[in-house]
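The structure appears right after this line, and notes come after that.
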Amino acid sequence: MTSIAIVGAGPQLGLAIARIFGSQGLDVALISRNRAKLDDLVGKLGAEGVNAAAFPADVLDRDALTQAIGDAATRFGGIDVLEYSPLGTFDSTVLTTPAESDPAHVQHEIEFQLYGAMTATRAVLPAMHEAGTGTLLYTTGAGSLDPVPQVGNVNAAAAALRNWAVNLHKELDGTGVQAAHIGIDVSIAVSVIPGQPVSQPEDIAPVYWELHTTKRDQAEIVFKG
């Protein structure tokens with residue numbers, strides 16, 4: 001298996017991760033909701049010599065996500081690396097503070113972050129177990145470690161994903177399969193939060209390659225720029 005599936009692939013961090021893994025010879029499966037945007041990324045990667053393909057799916061549709069990953073595995077002969085980092089949009093994400101949140105506010109984010117990650121993992125982990133190798137990488141903002149009241153519901157779900165990913169790393173110890181969490185404690189490409197440092201996607205992406213190669217014993221890296 002010599003391919004990476006990037007769930008939540010977009011033109012910033014997802015593209016940078018695709019480039020760094022693709023430059024090392026891995027095929028790239030790009031998964032997100034928007035077919036046109038995925039095709040654009042496939043074109044950019046192809047022009048750089050990276051073999052990539054688009055597999056549209058919404059992470060909230062578990063059957064579609066499982067099918068997309070299965071199609072990618074069939075296309076590329078398996079999935080060696082899974083990277084999960086979907087990003088909600090303003091039309092689909094309602095931001096609430098802890099006091100404002102009701103269960104529905106958190107449930108949507110749990111479905112999007114944790115349950116989507118679990119679904120994607122179940123689609124690739126059996127083959128990784130059988131092969132005795134593989135890498136599972138899960139991305140959240142740093143609010144999963146140090147929450148911010150204004151996005152309390154999103155942070156709660158991110159913390160759940162972080163907890164699950166770190167625990168999965170412990171469970172998989174000794175199997176040859178690596179699982180790790182990446183916490184992004186910067187704004188990516190442009191300033192979003194006043195006072196928070198900004199890093200470019202290509203500066204963050206090497207962390208993922210390191211967790212796949214030289215830092216397989218680590219359960220988590222927090223990128224601070």
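Side chains included, hydrogens not; waters and symmetry mates left out as well; all remaining heavy atoms used.
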Any donor-acceptor N or O pair under 3.5 Å, side chains Thr175, His129: no

Heavy-atom donor-acceptor pair, Asp63 side chain to Thr66 backbone, under 3.5 Å: no

Value rounded to 0.5 Å, distance of CD1 in Ile184 from CD1 in Ile204: 5.0 Å

Trace of the side chain to side chain donor-acceptor pair (under 3.5 Å) decision for Thr139 with Glu83: CA-CA 8 Å; Thr139 305; Glu83 193 279 321; 2.8 Å; yes

Between CG on residue Leu60 and OG1 on residue Thr119, distance to nearest 0.5 Å: 10.0 Å

Side chains of Asp71 and Gln67, donor plus acceptor under 3.5 Å: yes

Nearest non-hydrogen partners of Leu125 and Val177, listed with the distance: CD1-CG1, 4.0 Å

Donor-acceptor contact present, side-chain Ser3 to main-chain Gly78, <3.5 Å: yes

Steps toward side chain to side chain donor-acceptor pair (under 3.5 Å) verdict (Tyr138, Ser85): CA-CA 6 Å; Tyr138 309 93; Ser85 57; over 6 Å; no

Test item: Arg216 side-chain N/O and Ala179 main-chain N/O as donor-acceptor pair under 3.5 Å: no

Gap between atom CD1 of Ile4 and atom CD1 of Ile20 - 0.5 Å precision: 10.0 Å

Single-linkage hydrophobic cluster, 4.5 Å side-chain cutoff, Leu145 and Ile110 together: no

Worked verdict on Arg19 versus Glu202 for salt bridge (charged side-chain N to carboxylate O under 4.0 Å, His left out): CA-CA 9 Å; Arg19 280 174 167 149; Glu202 55 268 24; over 6 Å; no

Non-hydrogen atoms of Leu30 and Ala9 that approach each other most closely: CD2-CB, 3.7 Å

Reported CE-to-OG1 distance for the pair Met128 and Thr135, which is rounded to 0.5 angstrom: 6.5 Å

Taking every non-hydrogen atom, the tightest pair across Ala54 and Leu38: CB-CB, 3.6 Å

Side-chain (Asp58) to main-chain (Ala64) donor-acceptor, under 3.5 angstrom: no

Side-chain heavy-atom pair Tyr115, Gln107 within 4.5 angstrom cut-off: yes

Ile79 and Val124, any side-chain heavy atoms less than 4.5 Å apart: yes

Verify same cluster id: Leu211, Val166 (apolar side-chain graph, 4.5 Å): no

Least distance between heavy atoms, Tyr84 atom then Phe112 atom: OH-O, 2.5 Å

Sequence-distant partners of His212, ring-ring contact (aromatic ring centres under 6.0 Å, His included), two or more places apart: Phe21, Trp209

Parallel, tilted or perpendicular: rings of Phe55 and Phe76 (30°, 60°): perpendicular

Beyond-backbone contact of Arg62 with Arg122, side-chain heavy atoms, under 4.5 angstrom: no

Gap separating the CD atom of Glu220 from the NZ atom of Lys215, nearest 0.5 angstrom: 13.0 Å

Between Thr96 and Ser101: side-chain donor-acceptor atoms closer than 3.5 Å: yes

Full working for side chain to side chain contact (heavy atoms under 4.5 Å, CB included) between Leu82 and Val7: CA-CA 8 Å; Leu82 171 71; Val7 180; 3.8 Å; yes

Sidechain-backbone polar pair: Asn155 side chain, Val148 backbone, donor-acceptor under 3.5 Å: yes

Side chain to side chain contact (heavy atoms under 4.5 Å, CB included) between Val28 and Asn51, worked out: CA-CA 6 Å; Val28 178; Asn51 186 29; over 6 Å; no

Gap between atom CG of Asp27 and atom CG of Leu45 - 0.5 Å precision: 11.5 Å

From CA spacing to verdict: side chain to side chain contact (heavy atoms under 4.5 Å, CB included), Leu136, Leu172: CA-CA 10 Å; Leu136 305 162; Leu172 295 175; 3.9 Å; yes

Shortest non-hydrogen separation from Val207 to Phe223 and the atoms involved: CG2-CD1, 3.8 Å

Distance-only polar pair, side chains of Gln150 and Thr97, donor-acceptor under 3.5 Å: no

His105 side chain to Asp102 backbone, donor-acceptor under 3.5 Å: yes

Any donor-acceptor pair under 3.5 Å from His169 side chain to His181 backbone: no

Least distance between heavy atoms, Gly116 atom then Leu65 atom: O-CD2, 3.6 Å

